[in-house]
Amino acid sequence: MATNCIEYEHSKVEPHWQAFWEKEKTFHADSSLDKPKFYALDMFPYPSGAGLHIGHPEGYTASDIICRYKLANGFNVLHPMGWDAFGLPAEQYAIKTGTHPKETTYENIDNFRRQIKAFGFTIDWDREINTTDPNYYRWTQWIFLQLFKKGLAYVDERPVWWCPELKTILANEEIVDGKSERGEHPVERRNLRQWVLKITAYADRLLDGLDDLDWPNSTKTQQKNWIGKSEGAEVTFDIDGFPNEKMEIFTTRPDTLFGVTYMVLAPEHPLVKKITKYANQKLVAAYIKQAAGKSDMDRTELAKDKTGVFTGAYAINPVNNKKIPIWIADYVLISYGTGAIMAVPAHDERDFEFAQKYNLQIQPVIEKKQSDENGSATKLPFSGVGVMIHSNEYTGLDSDVGRKKITEELEKTGRGKSAVNFKLRDWLFSRQRYWGEPFPIVWVNKEDYLKVNDSKTSKLKNLLPESPVCYRNDGNEFYALPLPEEHLPLVLPEVESYLPTGFGESPLATEKNWVEIYLNLETGETVSASTEKPVKENWIRANRETNTMPQWAGSCWYYLRYCDPGNSEKLIDPEVEKYWGMPDFYIGGAEHAVLHLLYARFWHQVLFDLKIVSHPEPFKKLFHQGIILGEDGVKMSKSRGNVINPDDVIAEYGADSLRLYEMFMGPLEDMKPWTTTGIEGVYRFLKKVWREIIDSEGKINEKIICVENEKPDTEKLLHESIKKVTEDFENLRFNTSISQLMIFANHLQKVDTVTIGTIKIFVQLLNPLAPHISEELWERLGEKSSISFAEWPTFDPKKLVSDEVKIIFQINGKYRGDAILAKNIDQDSALDAARNIERIAKHFEDKIIKKIIFVPNKILNIVTG
RNA sequence: AGCCGAGUAGCCCAACGGAUAAAGGCGACUGUUUUAGAAACAGUUUGAUGGGGGUUCGAAUCCCUCCUCGGUUACCA
């Protein structure tokens, strides 16, 4: 079964074993089981036209090593792969060339699959999924319907990024430095009707859920900051001369209420128009216009230079009835909190800056505590906690205490209440593109909507949200009706052109045959309106939704589908879900720290509420592999010409060498540069391993003998290696496990004989890292079945230590000599030994021994006076 | 600007409170082999852990401070 190579020929060995694994279905993951399971998940790739990047296999190799290690430990392993294949590049290519995005996508997938297969991963290819496959996105649509039904999906006019060049809307994350991420075209703001998902309803759970996750701390922190929970109070200010208007603000520091010297409204705030004094109107209007022209990006770029104008109006401070001027300024955002703030320049950096610029009063009301102070007066702005001053009856209180008291007092008088705000915004969920999942939604008029709502038998009825989703356009009202489950998937139609309409609508909008339909309100059946209207009852005219879902949609739940990819009845079978559940290990780039991982958690929590999944969180253990840089130490890019192509590397050195090298470069999470000489090093190591086992005639090396007892030093090193490699695998420290195997191989070169048992264990330790050569050598050594299932070796602690140990003698912490002594020698005997060695004894024999520090089997440190 | 992480031989890295700091790999050099080169093998090579201070019998490891480099967030009241 093995090849007949004499020398190490990776180009023969690797395809041979890949074919073997494929034929034998070695890595088939069986769902019917009594064995413990292990589910390793790689962030699935977007199959780009550029082919696999050298960074992709870094994570895949890491998870593969764990999978092989788990297989050897008796686990039933699931290691799947698939394609996150919707997305803009295929669509842009389609616009350029007229090639259907599907065609490009499938070509790219074929190429990616070929490239990934060349690594010999433990992937169960029978479970491959593709987000653009209607059998897959049927369930993406189905999940959307559940969100819709729960009232978590709504439509809203949203200012979105419009790119005139790409003729499409871009999400915030697709914009870098005020330009489109792809193509770097300029972008501008536009208001458009959009689908939005109410992720904010889950803000608290998304925050709390983080606590129990085994994730990199930085990623947890990023998510926490993104959710941005802040606790404080909403306070109502009266407006002087406007008895019917109130100004609501949010603050985290109600304890500074006595220090408020001005108020700020966001330029877009509805109050602005109402309260601005006639004399100020001109300036205010000009300012609003100017602010509207600025994007959020511009506003932040000009962060250092705050601007604003006075409205001429005054608010009344509820705690002391002082009149305070109301300004408008664009450093206050309409989209956060109430879009209005109370400004406390003495205790807020931004307000301080603004007050200085416009000569507004600065009134300190918090003083540093005595204990914090080193004689100096509190420097402004001071945003810490301290003792309240100039605050009437609250003066002298700790600011923390005052905060609570003031809030309680406001609550009593109905002028405020404690409140919580989040930075997290609802998720803009629609794109005006072709290459995405169509929404299973049709738009009807109010009358038809009510028919469904009032029906007892309509199949659409049980998917309706409590309150209808609707929008107005040109005086008409449109109501959203869901397509019933049995009419999914709603398949993407063929279109004439992939170009957006240019009006901010998806190319689907021009497909009248598809958009304009007759809908059966009872059954949810649809037919094109270009055909004759069906004669029976319940058929009405309706229009399909023409937006498509964003690329995040398909990746929000793919880990579930891998468990049960062929299920045509359900998203996932409950029994299967119970068995494979959530992945035990998830690896992928840190660039997804917030968006993908947050969106997926949100969907998962919704599915948990629907009892479709049995655990509240999808990814219990997460790891980010580091980026592999080019040889010049900078990020690989075509323009720099420092891109390494995995195909070339495999052709020259083989997949085992590439796997080994990527793991050997350094800690998995670190960013590290590629070096060609580095891969030659591990290639040399594999050749050395081969040579130590297979001689120059292709037979087993003569030094490998079939006896039971191993030489003590070899045996000790072997057990050390088992221990080290096992622990390193558990902790994802592959670089050091390889180092240990190199030490062992170097030792092999030096010995005259070694037992076959030792060699087999060594090959087993190597197998997860370099599976092809290991499988080959395993069989050459006389084994009949795949090394994948050979039981993982265990080390014997007794073999790790010899009977004698070297004790280090120190005088006052300085090395003065050492001695080989019996293991577990006690302190007194060790001290006697030190006295008997003259060059050590001379350092302390005349002196008073103040203290002795004895670390058993390691060190005896004598501290003298 | 804030937060997080990292600074160890020419280079990538190991050691994470205990030896006289450094395993493994790369590179360089010498030798063996070779017509030569490559490969392989044997051997050699360089230094006081970014700077300063502290804790300790003992610090690369813990603490403080500064510097440098990455990641991340950008007026969220």
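Residue numbers start from 1 in every chain, and the chains themselves are labelled A, B, ... in the order their sequence lines are given, proteins ahead of strands.
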Rounded distance in Å between the P positions of B:U55 and B:U68
28 Å
Nearest-nucleotide pick for A:Ile853, side chain only, options being B:U72, B:C57, B:A77
B:C57
Write down the partner of B:A21 under the Watson-Crick or G-U wobble criteria, each distance required to be under 3.5 Å.
none
Are A:Asp713 and A:Lys716 ion-paired here, with the side-chain N under 4.0 Å from a carboxylate O?
no
Under a 3.5 Å limit on both distances, the Watson-Crick or wobble mate of B:U55 is none
I'd like to check A:Met342 versus A:Phe237 (side-chain heavy atoms, cut-off strictly below 4.5 Å). Are they in contact?
yes
Counting any heavy atom closer than 4.0 Å, what does A:Gly228 reach on the DNA or RNA strands: base, sugar-phosphate only, or nothing?
nothing
Within the structure shown, what part of the strands sits under 4.0 Å from A:Ile859 by heavy-atom distance: base, sugar-phosphate, or nothing?
base
Within this structure, what is the CG-to-C1' distance between A:Asn701 and B:C41, rounded to whole angstrom?
15 Å
From C-beta outward on A:Val855, which listed nucleotide comes closest to its side chain: B:U73, B:G25, B:G18?
B:G18
Using atom P in both nucleotides, what's the gap between B:A39 and B:C29 to the nearest angstrom?
12 Å
Has A:Asn746 got a side-chain N or O lying under 4.0 Å from the OP1 or OP2 atom of B:G25?
yes
Looking only at B:G27, B:C75, B:A77, the nucleotide nearest the A:Ile341 side chain is B:A77
Among the nucleotides B:G24, B:A77, B:G70, whichever has the atom closest to the side chain of A:Ile743 is B:G24
Calculate the interatomic distance between A:Glu631 atom CD and B:C12 atom P; express it in whole Å.
13 Å
Watson-Crick or G-U wobble partner for B:C16, using a 3.5 Å limit on both distances?
none
What's the shortest heavy-atom distance between A:Leu622 and A:Thr219, and which atoms?
CD2-CG2, 4.1 Å
Got a salt bridge between A:Glu727 and A:Lys723, using NZ or NE/NH1/NH2 to carboxylate O under 4.0 Å?
yes
Quick one: which of B:G24, B:A74, B:A77 gets closest to the side chain of A:Thr251?
B:A77
NA contact type, A:Asn421, heavy-atom cut-off 4.0 Å: base, sugar-phosphate, or nothing?
nothing
When you check the phosphate oxygens OP1 and OP2 of B:A39, does a side-chain N or O of A:Arg691 lie under 4.0 Å from one of them?
no
Distance test, side-chain N/O of A:Ser218 to OP1/OP2 of B:C3, below 4.0 Å
no
Find out whether the Lys NZ or Arg CZ of A:Lys306 is both under 6.0 angstrom from the six-membered ring centre of A:Tyr331 and within 45° of the ring's axis.
yes
How many whole angstroms separate atom CG of A:Leu668 from atom P of B:G5?
18 Å
Looking at A:Lys672 and A:Glu58, does any basic side-chain N land under 4.0 Å from a carboxylate oxygen?
yes
Partner nucleotide, any strand, of B:U72 [Watson-Crick/G-U, under 3.5 Å]
B:G2
Starting at atom CG of A:Asn861, determine the distance to atom P of B:U56, rounded to an integer number of angstrom.
15 Å
Rounded to whole Å, the CG-C1' distance (A:Leu748 to B:C41) equals 15 Å
Give me the distance, rounded to whole Å, that separates B:G10 from B:C57 when you measure between the C1' atoms they each carry.
37 Å
Rounded to the nearest Å, what distance is computed from the CD1 atom of residue A:Ile807 to the P atom of nucleotide B:G18?
15 Å
Between B:A77, B:A19, B:C12, which nucleotide has the shortest distance from any of its atoms to the side chain of A:Ile808?
B:A19
Whole angstroms only, please: what is the CD-C1' distance between A:Glu349 and B:A1?
8 Å
So, under a plain 3.5 Å distance rule, would you say the side chain of A:Gln740 forms a donor-acceptor pair with the base of B:G24?
no
B:C41 phosphate, OP1 or OP2: any side-chain N/O from A:Gln749 under 4.0 angstrom?
yes
Taking A:Lys699 first and then A:Asp695, would you say they form a salt bridge - that is, a charged N and a carboxylate O separated by under 4.0 Å?
no
Does any nucleotide pair with B:G43 by Watson-Crick or G-U wobble geometry, both distances under 3.5 Å, and what is it?
B:C29
Send over the distance from A:Asn225 CG to B:C4 P, rounded to a whole Å.
10 Å
Would you say a side-chain N or O of A:Lys858 is under 4.0 Å from OP1 or OP2 of B:G18?
no
Parallel, tilted or perpendicular: which fits the ring planes of A:Trp327 and A:Tyr358, with parallel below 30° and perpendicular above 60°?
tilted
Nearest to the side chain of A:Ser230, which nucleotide is it out of B:A19, B:A77, B:C75?
B:A77
When rounded to the nearest 0.5 angstrom, what distance separates NZ in A:Lys703 from CG in A:Asp752?
7.5 Å
Would you please confirm or rule out a distance under 4.0 Å between OP1 or OP2 of B:C26 and any side-chain N or O of A:Arg684?
yes
If you take any heavy atom closer than 4.0 Å to RNA chain B, which residues from residues 718-737 of chain A end up in contact?
A:Asn735, A:Thr736
Contact class for A:Thr675 (heavy atom, under 4.0 Å): base, sugar-phosphate, or nothing?
nothing
Work out how far the C1' atom of B:U73 is from that of B:G27, and round it to whole angstrom.
40 Å
Measure up the A:Tyr8 and A:Trp690 rings against each other and bin them: parallel (under 30°), tilted (30 to 60°), perpendicular (over 60°).
tilted
Enter syn or anti for the glycosidic conformation of B:A36, syn applying to angles within 90° of 0.
anti
